[in-house]
Peer 1: 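Quick one: this structure, given as structure tokens, is what I'll be asking you about.
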Amino acid sequence: MTPFKNLVDTQLAAAVALSRGVPPQPAVASDPKREDDLGRVAELELVCPGEFRRPIDRSELVSPDAFDQVSRWDGRYPGPLAAGATRTAKTRAAWVALRRLYVSWEIQQFRWYPVSDLLQRYQASRESGNGRYFLKGGSRVSPLFIDDVDKINWAFESEISNLFAIYDAIYRENIPCIATTNQTRAWWTLKMGDAFARRLFDDAHTLVQF
């Protein structure tokens with residue numbers, strides 16, 4: 001369902017009524033704030049993948065409490081790390097939080113990256129001397145959403161070192177970041193060591209277990 005469905009239905013009903021000789025209802029003055037809010041909904045739907053826009057059936061949620069904790073994020077540092085098995089609605093919860101914050105103007109903007117895309121962009125920004133500026137989102141810090149943190153190309157040492165650098169910056173710069181991972185702390189410790197596991201689970205995020 002699009003955010004404009006009610007508007008479209010109203011217009012169709014008015015057209016049918018007019019064809020039947022029924023006088024149209026008087027025009028109602030537009031609400032600039034509502035139009036702005038609808039505009040932000042439309043912008044969000046251009047960014048958010050379709051699979052995460054469908055209505056939520058809470059009876060299907062594996063962990064409703066965890067879902068609510070992530071979806072109610074206030075947009076501040078430290079953001080939640082939604083950790084748990086696949087298909088537990090971790091990414092859905094993150095998008096619900098971002099939708100609420102963005103449409104209500106609690107945040108002006110946010111940045112969303114699958115981790116592979118983030119690493120590529122960060123590498124390019126580092127090469128141009130703008131790595132720190134890129135992660136902060138400009139002169140004014142904006143929230144960051146990293147989906148599937150564990151899905152990097154583990155065959156490349158550069159991706160591993162860039163991921164460590166990204167999380168070090170998130171911690172040192174207090175960048176509000178919401179993220180998801182399918183892996184446990186023990187798995188991360190084996191892959192990248194205890195120092196990175198501390199950054200991911202303790203420093204940069206508040207753990208929410210799904």
Peer 1: Side-chain contact, heavy-atom cut-off 4.5 Å: Pro49 with Trp95?
Peer 2: yes
Peer 1: Which residue in the set Leu135, Leu144, Leu200 passes side chain to side chain contact (heavy atoms under 4.5 Å, CB included) when paired with Ile170?
Peer 2: Leu144
Peer 1: Got a donor-acceptor contact below 3.5 angstrom from the Gln209 side chain to the Ala83 backbone?
Peer 2: yes
Peer 1: Would you say Phe210 has more than 12 foreign heavy atoms packed within less than 6.0 Å of its CZ?
Peer 2: yes
Peer 1: Do you know the tightest heavy-atom contact between Ala204 and Pro78?
Peer 2: O-CB, 3.6 Å
Peer 1: Verify the cluster assignment for Phe201 and Leu190: are they in a single hydrophobic cluster under the rule of side-chain heavy atoms below 4.5 Å apart?
Peer 2: no
Peer 1: Could you report the tightest heavy-atom contact between Pro176 and Gly75, atom names first, then the distance?
Peer 2: CB-O, 3.4 Å
Peer 1: Heavy atoms only: give me the nearest Lys151-Asn182 pair and the separation to one decimal.
Peer 2: CE-ND2, 3.8 Å
Peer 1: To check you understand the geometry: which heavy-atom pair defines the closest contact between Ala89 and Leu61, and what is its length?
Peer 2: CB-CD2, 3.8 Å
Peer 1: Quick one: do Arg198 and Asp203 make a salt bridge, cutoff under 4.0 Å?
Peer 2: no
Peer 1: Is the backbone N or O of Ala165 less than 3.5 Å from a side-chain atom of Arg199, with the two atoms forming a donor-acceptor pair by type?
Peer 2: no
Peer 1: In terms of ring plane angle, is the pair Trp188 and Phe196 parallel, tilted or perpendicular, where the classes change at 30° and 60°?
Peer 2: tilted
Peer 1: Minimum heavy-atom separation for His205 to Tyr167, with atom names?
Peer 2: NE2-OH, 2.8 Å
Peer 1: Are Cys177 and Ile146 side-chain neighbours, meaning at least one heavy-atom pair lies under 4.5 Å?
Peer 2: yes
Peer 1: About how many Å separate CG of Leu163 and CD1 of Ile160, when rounded to the nearest 0.5 Å?
Peer 2: 8.5 Å
Peer 1: I'd like to know if Asp202 pairs up with Arg185 as an ion pair, taking the criterion as any Lys NZ or Arg NE/NH1/NH2 lying under 4.0 Å from an Asp or Glu carboxylate oxygen.
Peer 2: yes
Peer 1: Could you walk me through whether Gln123 and Asn162 pass the side-chain hydrogen bond (donor to acceptor under 3.5 Å, both in side chains) test, one step at a time?
Peer 2: CA-CA 7 Å; Gln123 179 64 34; Asn162 277 338; 2.6 Å; yes
Peer 1: Just verifying a value: how many Å separate Leu101 CG and Gln108 CD, rounded to the nearest 0.5 Å?
Peer 2: 11.5 Å
Peer 1: Evaluate Asp150 against Thr181 for side-chain hydrogen bond (donor to acceptor under 3.5 Å, both in side chains), listing each step before the verdict.
Peer 2: CA-CA 6 Å; Asp150 47 278; Thr181 179; 2.7 Å; yes
Peer 1: How many angstroms lie between atom OH of Tyr102 and atom CD of Gln109, to the nearest 0.5 angstrom?
Peer 2: 8.0 Å
Peer 1: Hey, quick one: are Ile166 and Phe156 part of the same hydrophobic cluster, counting side-chain heavy atoms closer than 4.5 Å, chains of contacts allowed?
Peer 2: no
Peer 1: When rounded to the nearest 0.5 angstrom, what distance separates CZ in Arg126 from OG in Ser161?
Peer 2: 6.5 Å
Peer 1: Give, for atom CG of Asn130 and atom CZ of Arg121, the distance between the pair rounded to the nearest 0.5 Å.
Peer 2: 14.0 Å
Peer 1: Looking at every heavy atom in both Ile178 and Ala97, which two are closest together, and how far apart are they?
Peer 2: CD1-CB, 4.4 Å
Peer 1: Under a 4.5 Å side-chain heavy-atom rule over Ile, Leu, Val, Met, Phe, Trp and Tyr, are Val70 and Val62 clustered together?
Peer 2: no
Peer 1: Enter the distance from Arg111:CZ to Phe134:CZ here, rounded to the nearest 0.5 Å.
Peer 2: 7.0 Å
Peer 1: State yes or no: do Leu207 and Ile175 share one hydrophobic cluster built from I, L, V, M, F, W and Y residues joined by side-chain heavy-atom distances below 4.5 Å, directly or via other members?
Peer 2: yes
Peer 1: Please test Thr189 against Asp194 for side-chain hydrogen bond (donor to acceptor under 3.5 Å, both in side chains), starting from the C-alpha separation and ending with a verdict.
Peer 2: CA-CA 5 Å; Thr189 301; Asp194 186 60; 4.6 Å; no
Peer 1: May I ask you to check whether Phe145 and Phe110 place their ring centres under 6.0 Å from each other?
Peer 2: no
Peer 1: Please list all pairs passing the side-chain hydrogen bond (donor to acceptor under 3.5 Å, both in side chains) test where one or both residues lie in residues 64-84, with sequence neighbours left out.
Peer 2: Arg58-Asp68
